[in-house]
Amino acid sequence: MMNPKIQDAINAQINAELYSAYLYLSMAQHFEAEGLPGFANWFKIQFKEEQDHATIFMNYINQRGGRVILKAIDAVPTSWESPMDAFKATLEHEQKVTALINNLYTLAVEEQDYASRDRLNWFITEQVEEEDNCRTLIDKLRLIGDNGMGLYMLNTELAGRVYSAPSPLATEE
Ligand code: FEO
């Protein structure tokens, strides 16, 4: 049987991951409407990755004989002032998610739930990458400033982002 405290905390994390997915889907729709399809593509892939994060946690609870409980997902913002505003909001959001993952890890250690701690290791590494990706794009947008050609080129670059399944799902399926 799964530790009930850990199960509740992971169920809360599943909700946070699905909120993240919904947030990035909203950003993708915003950029579609703004005529920046490359930015929309980047956020659509982010949307898929967040769904993957929720799936990894759901699979894990099921593997442990626990029970996944899905709760309501809060409403998300629907527009941003600029690409820089959207990426700053994304970085800020990812930093909050990092804190949630760190808290989960601390709980797993306190509860001596080593299997959960191991599962969380992947997420610790993933959060480093998530935050780094945002910072890189914020740096690029800072260089671009209000240069239209720069924005056009970054839009083209982001259109090339492709989705690949994260390793925990690639090896589980
Ligand atoms: Fe699932 Fe972007 O953290």
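Order of listing sets the numbers, starting from 1, for every ligand and every atom in it.
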For this session: State plainly whether the residues Glu32 and Lys44 are in salt-bridge range, i.e. N to O under 4.0 Å.
Result: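 Yes, this pair counts.
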
Problem set entry | Glu157 and Lys140 ion-paired at < 4.0 Å |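 Salt bridge present between Glu157 and Lys140.
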
For this session: For residues Phe39 and His30, establish whether the separation of their ring centroids is below 6.0 Å.
Result: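 They do not qualify: ring centres at least 6.0 Å apart.
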
Problem set entry | Metal check, atom 1 (Fe) of ligand 1 vs Glu17 N/O/S, cut-off below 2.8 Å |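 A backbone or side-chain N, O or S atom of Glu17 is under 2.8 Å from atom 1 (Fe) of ligand 1.
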
Exercise. Name of the His53 N, O or S atom nearest atom 1 (Fe) of ligand 1?
Worked result: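 Checking each N, O and S atom of His53, the shortest distance to atom 1 (Fe) of ligand 1 belongs to ND1.
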
Exercise. Checking ring pair (Phe, Tyr, Trp, His ring centres under 6.0 Å) against Trp42, which of Phe31, Tyr24, Phe87, Tyr163 comes through?
Worked result: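 It is Phe87; the other options fail the test.
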
Exercise. Can you name the N, O or S atom of Glu130 that is closest to atom 2 (Fe) of ligand 1?
Worked result: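 When I compare the N, O and S atoms of Glu130, OE2 is nearest to atom 2 (Fe) of ligand 1.
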
Exercise. Can you tell me the N, O or S atom of Glu50 that's nearest atom 2 (Fe) of ligand 1?
Worked result: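 Atom name returned: OE2.
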
Problem set entry | Tyr152, OH atom: more than 12 neighbouring heavy atoms under 6.0 Å |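 At most 12 heavy atoms, drawn from other residues, nucleotides or ligands, come within 6.0 Å of this atom.
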
Exercise. Is the distance from atom 2 (Fe) of ligand 1 to the nearest N/O/S atom of Glu94 under 2.8 Å?
Worked result: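 Within the cut-off used here (under 2.8 Å), Glu94 does place an N, O or S atom near atom 2 (Fe) of ligand 1.
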
